[in-house]
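Reading through the structure tokens given below for one structure.
Just so it is clear: chains get the letters A, B, ... in the order the sequence lines come, proteins before strands, and each one is counted from 1.
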Amino acid sequence: MRVGVVVFPGSNCDRDALHAVELAGGEPVALWHEEPDLHGAQVVILPGGFAYGDYLRAGVLARFSPVMSAVRDHAARGGLVLGICNGFQVLAEAGLVPGALLRNASLRFEHRWVRLTVERTDTPFTRAVPPGMTLRLPVAHGEGNFFLPEDQLDALEARRGVVFRYAAPEGNPNGSARDIAGVIDARGTVCGLMPHPERAAEPLLGSADGLLLMRSLVGSGLASAAA
Amino acid sequence: MTTFRFVVAVMPRAGILDPQGRAVEGSLPHLQATEVHDVRVGRRIELAVDAADGGSARSIVDRLAAELFANPLIEAWRVEPLEEPVA
């Protein structure tokens with residue numbers, strides 16, 4: 001099961017993501033931003049970093065790169081796409097998931113461990129997470145403050161679009177509306193989250209909780225390929 | 001073809017966090033400028049467009065403003081002809 005990890009100029013979590021895919025039993029393949037080709041990947045990860053230097057707004061320039069036209073087509077066909085941190089910002093700018101990521105309320109880059117409740121374990125991105133389990137993952141971002149107007153937040157919640165929420169004891173690191181850490185699109189095949197599962201994919205890194213998300217993704221990719 | 005020059009001013013929408021504005025405002029007491037308030041920081045983009053007429057040049061800039069220069073969810077913008085470059 002081939003999992004593509006997009007490499008933008010300025011991506012800095014691509015190697016970690018490729019490694020985590022391998023740990024989860026997938027076949028990792030790096031996808032260069034200038035090629036509108038997924039090289040047979042059944043699942044695509046947009047990794048963390050500072051794509052195109054985060055110039056103008058985080059994620060916006062990456063959105064118009066050639067690889068993103070292939071990612072958009074993939075998503076339109078119901079293919080799985082996971083955006084992590086900067087990858088979440090790219091998905092939000094591209095309109096593939098709802099919301100915008102504003103500057104952290106603290107006005108600081110927040111780099112620390114957080115706790116997450118998993119609101120849904122019935123998605124392709126979370127199916128390996130035992131129901132009720134709280135995940136411990138790191139965040140590292142300056143713009144992770146999830147924003148939507150109140151009425152759109154209500155609509156997002158009503159369709160169960162919130163997948164991850166920041167939880168006690170560390171709580172909300174960035175001021176996100178309703179403690180939202182990750183969302184899923186209406187179809188349930190494109191997901192973005194600010195915390196980094198790939199940086200917590202083996203005990204040596206302080207937590208292996210992220211591997212559950214990577215395993216979910218690899219397992220779901222297999223299931224969708226078989227269908 | 002004529003070259004038309006525009007300026008696009010982009011500002012955070014009312015109620016949206018404006019950390020730069022807040023930070024600048026926070027420094028004002030150091031400049032004894034305590035009568036100054038409501039500081040907001042946005043972005044100004046200048047550009048030139050080669051087009052047959054001003055209307056078609058303008059429509060290109062309008063499209064770029066909505067798709068690229070601003071995120072309509074969190075920012076408002078205005079496109080104007082560039083009369084005099086700042087620098």
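Rounding to the nearest 0.5 Å places CZ of A:F147 at 3.0 Å from CD1 of B:I16.
Contacts between A:L56 and chain B at a heavy-atom distance below 4.5 Å involve backbone atoms as well as side-chain atoms.
When all heavy atoms are compared, the tightest approach of A:P149 to B:L73 is CD-CD1, 3.9 Å. Contact record, A:L107 with B:P19: CD2-CB, 2.9 Å, taken as the closest heavy-atom pair.
For A:R15, the CZ atom counts as loosely surrounded, since its 6.0 Å shell holds 12 or fewer non-hydrogen atoms of other residues, nucleotides or ligands.
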Using only the distance criterion (under 3.5 Å, no hydrogens considered), which donor-acceptor pairs connect chain A with chain B?
unit_1, atom_1, unit_2, atom_2, d
A:L56, O, B:R43, NH2, 2.8
A:R57, NH1, B:L68, O, 3.2
A:R57, NH1, B:F69, O, 2.9
A:R57, NH1, B:E75, OE1, 3.3
A:R57, NH2, B:L68, O, 3.0
A:R63, NH1, B:E67, O, 3.2
A:E93, OE2, B:N71, ND2, 3.4

